[in-house]
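One structure is given here, and the rest of the page talks about it.
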Amino acid sequence: MSTFKSDFMRTVAERGYLHQCTDPEGLDALAAGGVVTAYIGFDATASSLHAGSLVPIMMLRTLQRTGHKPIVLMGGGTTKVGDPSGKDESRRMLTAAQIDANIAGIKGIFERFLTFGDGPTDAVMVNNDDWLSDLKYIDFLREYGPHFTINRMMTFDSVKLRLEREQPLTFLEFNYMILQAYDFVELARRRNCVLQMGGSDQWGNIVNGVELGRRVENRALFGLTTPLLTTASGAKMGKTAAGAVWLNADMLSPYDYWQYWRNTEDADVGRFLRLFTELPVAEIARLESAQGAEINDAKKVLAHAATTLCHGEAAALAAAETARKTFEEGAIAADLPTIEVPAAELAGGIPAFDLLRRAGLAASGGEARRLIKGGGGRVNDLAIASDTQPVTAADVNADGVIKLSAGKKRHVLVRPV
């Protein structure tokens, strides 16, 4: 790590972002000598990104903080095709209007992590639909098709894994890697972009872009990937039993976001502090060496820092205070996530398992039943006796709500309307 001369390469190495690089020494020299323009692509498959996208977002932030220029490439065009990487089946086809709406929802996330503007290191957001939608297909194939062989394309994981599992890979999806490589060349031409970054599942696509740039533009381009993250217990990053950990507050409350980080497994605390906060490395080393009850303090530091980056310090402090009131004082905090249910439904009674599912405390009815059977489902802090136990208007407390819980740390308020 210490052999790198540039702040950028030193930082990505010491904080655990660096997995593969096409030419680490060449990229280091370039970054040490001036401003490097780099991009990461994000397809607009939903109206928010989730915590699984945080490593690439933090990579762009690190790039900017170390004196370089980030490009956020929104895949308005490639979303129409669908990236087969890591997928067992084709993505759902979205309309142009749905894609535009998703991009609008995602934009605000990047404004919280990056500084946008016209300066030399200010971030810019670009949409690849600007050039992909105007391609003349035959002309495009004639110019760029000869640089890709089917033999080589069949060796990439995104293709190989789908075929090994005997899942169909459409010709539309097969084009994706060519379009991504072309994006890199277009950004090199339009924005003098020399570096593409992404998760390790994108390595093949990134290398294609580097090679295409050399062949058609005679340009030296670079690729860098980050490790694909799983938690210490093997769970996929950014997923919980109740669903995705969204980065937009209208899809996941800042309190639930704070709780996600607070519930980090002990073995992941140090790694997550390096990846998802900007605390000094020496301070992180001290925190990750904590034992016993002190490791919970380290998790609160992680939760505060990660929530501050995504939602602002006021939201992080409010989440911590809500947690303190809920767990230490046993009070019902007004900032807990709330769902509304028709009063008429409550009057007739709602099966406890179904209400847990509707509150997002379980991903399915079956999971809710297992939660109750294991003693983890509670109404107003009392264990639910059976999955069909009705939750009724009689359970509404003096605050006008019903407190629904999954375990000791996850709570939702049910408000009759």
Side-chain angles (χ1 to χ4, degrees), residues 1-42 53 55-75 78 83 85 114 120-126 128 131 144 147-148 152-153 155-158 176-228 275:
M1 294 180 192
S2 58
T3 57
F4 288 127
K5 299 180 180 65
S6 67
D7 285 346
F8 172 65
M9 289 297 285
R10 263 203 315 271
T11 303
V12 297
E14 73 180 7
R15 297 193 82 95
Y17 295 116
L18 182 58
H19 181 61
Q20 298 155 298
C21 186
T22 54
D23 178 6
E25 294 78 14
L27 180 57
D28 183 45
L30 200 65
V35 175
V36 167
T37 300
Y39 90 95
I40 299 178
F42 299 84
S53 297
V55 169
I57 292 171
M58 291 299 290
M59 276 292 288
L60 289 173
R61 184 176 169 91
T62 299
L63 181 86
Q64 187 169 52
R65 289 181 69 237
T66 53
H68 304 285
K69 186 177 185 71
I71 296 176
V72 179
L73 180 67
M74 293 309 306
T78 41
D83 183 2
S85 301
L114 301 171
T121 63
D122 285 343
V124 293
M125 182 173 279
V126 179
N128 64 13
W131 54 83
Y144 298 101
H147 299 293
F148 297 83
R152 187 144 188 269
M153 292 167 82
T155 68
F156 289 116
D157 285 346
S158 59
Y176 189 94
M177 64 179 75
I178 302 179
L179 296 177
Q180 184 169 329
Y182 180 68
D183 280 347
F184 198 177
V185 172
E186 274 296 313
L187 287 172
R189 289 169 176 163
R190 293 169 179 242
R191 303 273 180 172
N192 195 31
C193 179
V194 296
L195 171 63
Q196 181 183 174
M197 303 184 291
S200 62
D201 61 330
Q202 295 297 315
W203 177 246
N205 291 340
I206 291 172
V207 168
N208 276 334
V210 170
E211 292 183 357
L212 189 64
R214 177 176 55 79
R215 289 175 178 174
V216 303
E217 293 285 301
N218 197 27
R219 293 189 68 142
L221 301 179
F222 300 87
L224 185 155
T225 64
T226 59
L228 283 186
L275 292 170

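Scope of the values below: all heavy atoms of this structure, side chains included, with no hydrogens, waters or symmetry mates.
Closest of all the heavy-atom pairs between Gln64 and Leu114 is OE1-CA, 3.6 Å. For the pair Leu224 and Ile206, the tightest heavy-atom approach, listed with the atom from each and the gap, is O-CD1, 4.1 Å. Taking each heavy atom of Pro227 and His19 in turn, the nearest pair found is N-CB, 3.5 Å. Scanning both residues, His68 and Ala31, for their nearest heavy atoms gives CE1-O, 3.3 Å. Among all heavy-atom pairs drawn from Thr225 and Gly199, the shortest one is CG2-O, 3.7 Å. The shortest heavy-atom contact between Gly209 and Phe184 is C-CD1, 3.8 Å.
Atoms CE and OH, on Met197 and Tyr39 in that order, are 10.5 Å from each other to the nearest 0.5 Å. Within the model, atoms NZ of Lys69 and CG of Leu60 stand 12.5 Å from one another, a figure rounded to the nearest 0.5 Å. Atom CZ in Phe4 sits 11.5 Å away from atom CD in Glu14 (nearest 0.5 Å). Expressed to the nearest 0.5 Å, how far CG of Asp7 lies from CG of Leu63 amounts to 11.5 Å. Annotation: the span from Leu18 atom CG to Met59 atom CE amounts to 7.5 Å, rounded to 0.5 Å.
Within a 6.0 Å radius of CZ in Arg191, other residues, nucleotides and ligands contribute 12 heavy atoms or fewer.
Between Leu275 and Tyr17 the shortest side-chain heavy-atom distance falls below 4.5 Å. Side-chain atoms of Arg219 and Val194, non-hydrogen and from C-beta on, do get closer than 4.5 Å to each other.
A donor-acceptor contact shorter than 3.5 Å is absent between the side chain of Thr121 and the backbone of Gly67.
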Apply side chain to side chain contact (heavy atoms under 4.5 Å, CB included) to residues Trp203 and Thr22 and explain how you reach the verdict. CA-CA 9 Å; Trp203 177 246; Thr22 54; 3.7 Å; yes
Candidate pair Phe8 and Leu30, rule side chain to side chain contact (heavy atoms under 4.5 Å, CB included), full reasoning: CA-CA 10 Å; Phe8 172 65; Leu30 200 65; over 6 Å; no
Residue pair Met9, Leu27: steps toward the side chain to side chain contact (heavy atoms under 4.5 Å, CB included) verdict: CA-CA 8 Å; Met9 289 297 285; Leu27 180 57; 3.9 Å; yes
Run the numbers on Glu186 and Arg189 for side chain to side chain contact (heavy atoms under 4.5 Å, CB included), then give the verdict. CA-CA 5 Å; Glu186 274 296 313; Arg189 289 169 176 163; 3.0 Å; yes
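Under the 4.0 Å criterion applied to side-chain N and carboxylate O atoms, Arg214 and Glu211 are not assigned as salt-bridge partners.
For residues 17-32, no residue pair satisfies the salt bridge (Lys or Arg N to Asp or Glu O under 4.0 Å) rule, not counting sequence neighbours.
Side-chain atoms of Asn192 and Thr37 form no donor-acceptor pair, as typed in the model, at a separation below 3.5 Å. Side-chain atoms of Gln202 and Gln196 include no donor-acceptor pair closer than 3.5 Å.
Screening Leu212, Asn205, Leu73 against Asp183 for a side-chain contact (heavy atoms from CB on, under 4.5 Å) leaves a single residue, Leu73.
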